[in-house]
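Quick caveat: nothing in here was measured; it's all calculated off a predicted structure. Each chain gets a letter, A, B and so on, in the order the sequences are listed, and its residues count up from 1.
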Protein chains: 2
Amino acid sequence: MFQSFFQYCSPLVSFTREDKQLIETYFSFRQVPKKFTLIANGKIARELYFINKGLLRLYYTKDGEDITAFIFREHLFSGSYDSFLRQAPSIQGLEALEDSDLLVITYDNLQRLYKKVPKMETLSRKIAEQRFINAQLILSSYILDSPEERWKKFEAANGDLLLRVPHHMIASFLGITPVSLSRIRKRLQHP
Amino acid sequence: MFQSFFQYCSPLVSFTREDKQLIETYFSFRQVPKKFTLIANGKIARELYFINKGLLRLYYTKDGEDITAFIFREHLFSGSYDSFLRQAPSIQGLEALEDSDLLVITYDNLQRLYKKVPKMETLSRKIAEQRFINAQLILSSYILDSPEERWKKFEAANGDLLLRVPHHMIASFLGITPVSLSRIRKRLQHP
DNA sequence: TTCTTTTCTTTACAAAAGTTAATGAGTTGA
DNA sequence: TCAACTCATTAACTTTTGTAAAGAAAAGAA
């Protein structure tokens with residue numbers, strides 16, 4: 001149950017056997033079906049999720065349309081961090097794109113865990129840093145690359161997702177319309 | 001010298017008098033002139049800067065052109081975080097847009113400080129979280145808003161910078177060309 | 001299965017931004 | 001002071017993307 005979680009942690013902090021046993025008691029396990037909404041836009045994100053199996057999508061809603069902010073794969077932490085960290089209403093929603101198995105920790109439990117296991121603070125700092133670096137990377141791609149280049153990079157890095165996720169969700173993540181994505185794909189097929 | 005630094009910290013962590021005195025010894029003071037390069041593209045960022053006075057610009061270079069990634073104001077931490085955190089070559093440069101007064105801490109000193117003052121770990125985590133939230137905010141503006149809307153928001157939030165920073169640097173931050181920014185400004189003047 | 005919904009692609013047209021180049025105002029520095 | 005440079009704006013033209021609508025294929029529900 002916690003195997004891939006501690007595998008994810010091990011390059012970041014070294015927990016003792018006792019640490020691990022304690023940490024496990026602060027998490028709960030949850031299975032959600034495809035299309036299940038974990039965090040609704042406007043609500044406060046009280047939980048963070050480690051994905052054992054499945055796929056979660058973080059999205060904005062604008063003019064009644066969904067715009068993908070990020071797609072989380074298995075063996076990653078996921079959540080509406082912005083809302084979770086500030087404990088303020090979320091401007092993003094989080095939903096399952098596939099039937100998913102999740103490890104869940106609440107905000108309050110995490111704060112308690114910081115006090116019980118100080119190394120959790122280090123883990124949290126490193127995850128926050130990683131997420132920052134990642135956000136920075138995506139942002140730099142928006143700043144530096146054309147939509148076509150962004151598509152190429154996405155395809156190279158996440159080719160498998162193309163079979164698991166509808167293209168219009170990927171298009172909005174790339175900052176373009178499905179129509180434009182279709183044109184780009186056509187352009188690249190017949191160069 | 002450290003007044004605005006501890007003022008910045010106080011909502012995040014509460015340092016004791018002894019903490020503060022110790023922390024001060026790990027920083028150094030530096031004055032740099034306008035146009036001074038603090039971190040060159042390709043070098044590893046070994047330092048982080050707290051801006052007592054002045055303005056710093058983080059930028060990418062693509063095809064020989066500068067593209068602004070962020071503009072740091074006084075009373076903020078600044079640096080090429082990506083490079084600093086990973087201690088890997090920077091894909092960004094950092095330069096002074098005005099004569100600036102900086103508090104400087106090195107990577108090694110920061111690691112030592114974590115051990116001496118554990119609360120620094122909490123401060124670092126919270127700063128990383130803030131920076132993540134900020135990157136997220138900028139990214140969501142790229143995803144959700146048109147260039148025209150981004151300009152309006154920038155003007156509303158950072159109107160004072162328009163007098164301190166050349167417009168073409170702001171244009172590249174907004175993801176458009178100076179020509180396009182000029183058109184947008186004209187369009188908004190005569191609606 | 002059959003029917004409905006979702007997903008993906010295509011077309012034609014409109015709108016916006018990029019590119020290149022020219023102009024003029026304002027600064028900088030020798 | 002005067003030449004050189006930087007910066008902002010404008011124009012003409014090209015390229016790209018957005019919008020709206022329609023049809024085909026695939027997936028899901030009754």
Protein-nucleotide distance (A:Leu163, atom CG; C:dC8, atom C1'), rounded to Å = 14 Å

May I ask you to verify if any side-chain N or O of A:Lys186 is less than 4.0 angstrom from the OP1 or OP2 atom of C:dT11?
-> yes

A:Phe15 and A:Phe6 aromatic ring geometry - parallel, tilted or perpendicular at 30°/60° bounds | perpendicular

Separation of A:Arg187 atom CZ from C:dT10 atom P, in whole Å?
-> 13 Å

Given D:dA12, D:dT10, C:dC8, the nucleotide with the shortest approach to the side chain of A:Pro166 | C:dC8

Side-chain N or O of B:Arg183 less than 4.0 angstrom from OP1 or OP2 on C:dA17?
-> no

Using a heavy-atom cut-off of under 4.0 Å over every strand shown, decide if A:Leu181 touches base, sugar-phosphate, or nothing.
-> nothing

Side chains of A:Ser90 and A:Ser80: is there a donor and an acceptor less than 3.5 Å apart?
-> yes

Assert: residue with more 5' nearest nucleotide on DNA chain D, out of A:Thr177 and B:Met169, is B:Met169

Could you state the CD-P distance from A:Glu148 to D:dT16, rounded to the nearest angstrom?
-> 8 Å

Closest of D:dT17, C:dT9, D:dA8 to the A:Pro178 side chain is C:dT9

Which residue lies more 5' along DNA chain D, comparing B:Ser180 with A:Val179 via nearest heavy atoms = B:Ser180

B:Gln136 and A:Arg131: side chain donor to acceptor below 3.5 Å | no

Among A:Lys34, A:Arg164, A:Arg57, which residue meets the salt bridge (Lys or Arg N to Asp or Glu O under 4.0 Å) test with A:Glu98?
-> A:Arg164

For D:dA8, take OP1 and OP2 only and decide whether either is under 4.0 Å from a side-chain N or O of B:Ser182.
-> no

B:Leu188 CG - C:dA16 P separation (whole Å) = 12 Å

Choosing from D:dG28, D:dA8, D:dT19, which nucleotide comes nearest the side chain of A:Lys34?
-> D:dG28

Rounded to the Å, how far apart are A:Asp145 CG and D:dT17 P?
-> 13 Å

Polar side-chain atom of A:Arg150 near backbone of A:Asp145 as donor-acceptor pair, under 3.5 Å | yes

Between D:dT16 (P) and A:Ile176 (CD1): distance, integer Å = 13 Å

Using whole Å, report how far CG of A:Asp66 lies from C1' of C:dT7.
-> 15 Å

CD1 of A:Ile170 versus P of C:dT9: gap in Å, rounded?
-> 11 Å

